[in-house]
Amino acid sequence: MASVEKVPMLAEGYALLTTSLTALKAERPIIVDAIEVARAHGDLSENAEYHSAKERQGQIEAGILDIEDKLSRAQVIDPTTLSGDRIVFGATVTLLDENDKPVRYQLVGQPEADAKVGRISYNSPLGRALIGRRVDDEIEVTVPSGDRWFSVAKIEFI
């Protein structure tokens, strides 16, 4: 029997997906109305509004299915309940770069990742390199801008 892969995420990520799902479901009747209006214009073979509305309907349905799948497999993790000396999903990590400049990241799920605010996906190159590391471990990671080196300075579960 195939096992279902869990999708780890923080509570904020779960809430974000739930909000997106609600918005997509609310758009369903609007797009159905747009299809009906476009259909009333006549010949469907050359009706750009109809084709655009049908394409949007497909995008909405695909988005709903994707989000429902993620939510059904969601494993919501509260970082404040975690502890230990290794980096795991949800940990907030302070790293020192090559110039001993501190950078801080929290390892989160794909939907909530935003590097600009210090949240990186556990599936990103840096995220994968950090999992399982301890304070004082050195990490080399290849990112789009080239090879980077970091030293783990601090691990927090906040």
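Computed from a predicted model, the values in this text were never measured in an experiment.
When side chains are defined from C-beta on, Glu68 counts as touching Leu21, because their heavy atoms get closer than 4.5 Å. The shortest side-chain heavy-atom distance between Thr92 and Tyr105 does not fall under the 4.5 Å cut-off. With a 4.5 Å cut-off on side-chain heavy atoms, Arg104 and Leu95 do not count as touching. The closest side-chain heavy-atom distance from Ile139 to Val152 is below 4.5 Å. Put simply, the side chain of Trp149 does not reach to within 4.5 Å of the side chain of Asp97, judged on heavy atoms. Annotation: side chain of Arg86 is not in contact with side chain of Arg133 (no heavy-atom distance under 4.5 Å). The side-chain heavy atoms of Ile67 and Leu24, taken from C-beta on, include a pair separated by under 4.5 Å. Here the side chains of Lys54 and Ile35 are in contact, with some heavy-atom distance below 4.5 Å.
Residue Gln59 holds its CD atom at 9.0 Å from CD of Glu27, rounded to the nearest 0.5 Å. Separating the CG atom in Asp66 from the OG atom in Ser20 is a distance of 10.5 Å, to the nearest 0.5 Å. Here the NE2 atom belonging to His51 is positioned 8.5 Å from the CD atom belonging to Glu46, to the nearest 0.5 angstrom.
Under the 3.5 Å distance criterion, the side-chain polar atoms of Asn99 are left unmatched by any main-chain donor or acceptor of Lys101. Gln106 places a side-chain N or O within donor-acceptor distance of the main-chain N or O of Gly90, the cut-off being under 3.5 Å. Of the possible donor and acceptor atoms, one in the side chain of Asp137 sits under 3.5 Å from a partner among the backbone N and O of Arg134. A side-chain donor-acceptor contact under 3.5 Å links Glu112 to the backbone of Leu10.
Judged as a ring-ring contact (aromatic ring centres under 6.0 Å, His included), the pairs with a partner in residues 114-146 (not counting sequence neighbours) are, in order, Phe89-Tyr122.
A salt bridge does not link Asp114 to Arg119: none of the charged nitrogens lies less than 4.0 Å from a carboxylate oxygen.
One hydrophobic cluster, built from ILVMFWY side chains closer than 4.5 Å, holds both Val88 and Ile77.
Checked by atom type, the side-chain pair Asn123/Ser121 shows no donor-acceptor distance below 3.5 Å.
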(message) As a quick check of understanding, evaluate salt bridge (Lys or Arg N to Asp or Glu O under 4.0 Å) for Arg73 and Glu5, giving each step before the final call.
(response) CA-CA 7 Å; Arg73 297 183 298 125; Glu5 183 181 331; 5.2 Å; no

(message) With salt bridge (Lys or Arg N to Asp or Glu O under 4.0 Å) as the criterion, how do Lys25 and Glu61 come out once you've worked through the C-alpha distance, each side chain's angles and the decisive distance to 0.1 Å?
(response) CA-CA 9 Å; Lys25 285 185 173 182; Glu61 294 304 321; over 6 Å; no

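Atom CD of Glu138 has 12 or fewer neighbouring heavy atoms from other residues, nucleotides or ligands inside a 6.0 Å radius.
Legend: residues meeting side chain to side chain donor-acceptor pair (under 3.5 Å) with Thr142, ordered by chain and number and at least two apart, are Asp147.
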